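Have a look at the structure below, then the notes.
Note that the coordinates shown come from a computational prediction; the quantities given were computed from them, not determined experimentally.
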Amino acid sequence: MSTAGQTDKADQAQATPADTTLAQEFVQFALESGVLRFGEFKTKAGRLSPYFFNAGLFDDGAKLGRLAQFYARHLLAEAERSGLEFDMIFGPAYKGIPLAAAVAVELARQGHNVPFAYNRKEAKDHGEGGTLVGAPVKGRVLIIDDVMSAGTAARESIAIIKAAGAIPHAMVLALDRQEKATENGVDVNHSAVQYVTNQLGLQVCAIARLTDLLQYLSRQGDLSTPETSGALSLKAHYQAVLAYRERYGVE
């Protein structure tokens, strides 16, 4: 999939959604699906986060299909907004596998048929062998994932794509948490998304960011979430998420 007028996004500070309305719709969808939850959750960095985004809970055909629509709408909008171009989609194992397949189907439905591939965690020693499955990995490759915590999946995907002789060109996420990464257990002043953009040279875009979640929560007043059964309002969650953002957030 490509458009004219590609712009260099290597200096882009963070993943930005092309459409604020789309981002707000996505946050609501994630909440309704139980994918976005509030409480106290320990992150990979050892922080206690007041919210958790688990894309594995897009766990039926209807949810996955709608998720793919959000990715496709965002990618097409980003192509118009920033000139995003790619020749194929790569889904890193494991969560990226169904994402790559579903988004490829949705893009084809909208008239943009692109090939996709994914990797195995362990090499297959029979049949076709190897670690790659799907279309030949070539050209400009778009990596698809749900969130990025430490950037490990991105670095592994980049290595796989380069080894295949292709170009790791861009990355799309469902949610950019917009928070500091850690190196050797110490907080640094950049996020994993910023590292991938500024140091590894990939354009990174996201359907929604933590900023969009805060905006959504700020507009909901005293509505309760299903999982809290009225115990806490979305307004109360807003204060907890805002405090987390003020402590760990990046601009």
Side-chain angles (χ1 to χ4, degrees), residues 15 17 23 26-27 29-37 41-45 47 49 51-75 78 86 88-107 114-124 130-135 137 141-161 164 166 168-179 181 191-193 195-197 200 202-210 212-213:
F26 180 71
V27 171
F29 168 54
L31 281 166
E32 292 172 346
S33 301
V35 170
L36 181 58
R37 299 184 177 186
F41 307 93
K42 191 171 184 178
T43 70
K44 288 184 179 179
R47 300 167 185 156
S49 172
Y51 75 99
F52 183 59
F53 183 88
N54 181 7
L57 295 176
F58 290 119
D59 54 6
D60 62 35
K63 292 175 187 173
L64 184 59
R66 192 170 177 205
L67 175 63
Q69 290 175 1
F70 276 105
Y71 272 106
R73 287 170 62 192
H74 176 66
L75 287 169
E78 192 65 29
F86 57 92
M88 69 174 299
I89 297 171
F90 179 82
Y94 289 102
K95 286 184 180 179
I97 296 174
L99 292 178
V103 173
V105 169
E106 179 60 25
L107 284 172
V114 295
F116 75 95
Y118 58 90
N119 67 299
R120 298 186 179 97
K121 288 287 189 179
E122 297 179 358
K124 187 177 179 182
T131 59
L132 292 173
V133 183
V137 178
V141 181
L142 173 77
I143 302 167
I144 187 167
D145 214 340
D146 54 352
V147 296
M148 189 190 304
S149 298
T152 303
R155 286 190 290 268
E156 290 176 351
S157 296
I158 288 169
I160 292 169
I161 292 164
H169 183 68
M171 188 167 191
V172 61
L173 305 171
L175 179 69
D176 178 5
R177 289 182 59 98
Q178 292 181 288
E179 67 180 75
S191 69
V193 166
Y195 176 83
V196 169
T197 301
L200 303 183
L202 271 67
Q203 178 177 347
V204 182
C205 57
I207 302 172
R209 305 166 299 164
L210 178 55
D212 299 302
L213 171 57

Review point. Sub-3.5 Å donor-acceptor pair from the side chain of Q178 to the main-chain atoms of L210, do we have one?
Key: yes
Review point. Are any side-chain N or O atoms of N119 and backbone N or O atoms of T131, one a donor and one an acceptor, separated by less than 3.5 Å?
Key: no
Reported [atom1]-to-[atom2] distance for the pair [X] and [Y], which is rounded to 0.5 angstrom:
{"X": "L57", "Y": "K63", "atom1": "CG", "atom2": "NZ", "answer": "7.0 Å"}
{"X": "R120", "Y": "L132", "atom1": "CZ", "atom2": "CG", "answer": "8.5 Å"}
{"X": "F90", "Y": "F116", "atom1": "CZ", "atom2": "CZ", "answer": "12.0 Å"}
{"X": "I143", "Y": "I89", "atom1": "CD1", "atom2": "CD1", "answer": "12.0 Å"}
{"X": "F53", "Y": "F41", "atom1": "CZ", "atom2": "CZ", "answer": "13.0 Å"}
{"X": "Q203", "Y": "L142", "atom1": "CD", "atom2": "CG", "answer": "9.5 Å"}

Would you name the heavy atoms of [X] and [Y] that are closest together and state the gap between them?
{"X": "L173", "Y": "M171", "answer": "CD2-CE, 3.9 Å"}
{"X": "E106", "Y": "A72", "answer": "CG-CB, 3.5 Å"}
{"X": "M88", "Y": "A117", "answer": "CE-CB, 3.8 Å"}
{"X": "P168", "Y": "I161", "answer": "N-CG2, 3.5 Å"}
{"X": "P115", "Y": "A135", "answer": "CB-CB, 3.4 Å"}
{"X": "H74", "Y": "C205", "answer": "NE2-CB, 3.4 Å"}

Check your understanding: Can you list the residues that meet the side chain to side chain donor-acceptor pair (under 3.5 Å) rule with S33, with sequence neighbours excluded?
Key ->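 In terms of side chain to side chain donor-acceptor pair (under 3.5 Å), with neighbours along the sequence ignored, S33 is linked to no residue.
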Study note, to complete from the structure: Sorted by chain and residue number, the side chain to side chain donor-acceptor pair (under 3.5 Å) partners of Q69 (sequence neighbours excluded) come out as none
Check your understanding: Do the side chains of L213 and L175 get nearer than 4.5 Å, heavy atoms only?
Key -> no
Check your understanding: Is I97 close to V133 at the side-chain level, that is, under 4.5 Å between some pair of heavy atoms?
Key ->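 A side-chain contact is absent here, since even the closest heavy-atom pair is not under 4.5 Å.
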Practice item. For the pair I160 and V137, evaluate side-chain contact (heavy atoms from CB on, under 4.5 Å) and give the outcome as yes or no after the intermediate values. Key: CA-CA 9 Å; I160 292 169; V137 178; over 6 Å; no
**Study point:** side-chain contact (heavy atoms from CB on, under 4.5 Å) assessment of L202 paired with I158
**Key:** CA-CA 10 Å; L202 271 67; I158 288 169; 3.9 Å; yes
Practice item. Please report the C-alpha distance between V204 and D176 in whole Å, then the side-chain angles of each, then the deciding distance to 0.1 Å, and finally whether the side-chain contact (heavy atoms from CB on, under 4.5 Å) criterion is met. Key: CA-CA 10 Å; V204 182; D176 178 5; over 6 Å; no
Review point. Can you check side chain to side chain donor-acceptor pair (under 3.5 Å) on T43 and R177, steps first, answer last?
Key: CA-CA 11 Å; T43 70; R177 289 182 59 98; 5.9 Å; no
Check your understanding: What pairs meet the salt bridge (charged side-chain N to carboxylate O under 4.0 Å, His left out) rule with one or both residues in residues 143-156, with sequence neighbours excluded?
Key ->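 Pairs touching residues 143-156 that pass the test: K95-D146.
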**Study point:** Non-neighbouring partners of F29 that pass ring pair (Phe, Tyr, Trp, His ring centres under 6.0 Å), sequence neighbours left out
**Key:** F58, F70
Review point. Listed by chain and number, what are the ring pair (Phe, Tyr, Trp, His ring centres under 6.0 Å) partners of Y94, not counting sequence neighbours?
Key: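 Scan of Y94 (ring pair (Phe, Tyr, Trp, His ring centres under 6.0 Å), adjacent residues dropped) gives none.
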**Study point:** Criterion side-chain contact (heavy atoms from CB on, under 4.5 Å) on L67 and L99, from CA distance to verdict
**Key:** CA-CA 9 Å; L67 175 63; L99 292 178; 3.5 Å; yes
Check your understanding: Residues two or more places apart in sequence or in another chain: which of them pass salt bridge (charged side-chain N to carboxylate O under 4.0 Å, His left out) with R47?
Key -> E179, D187
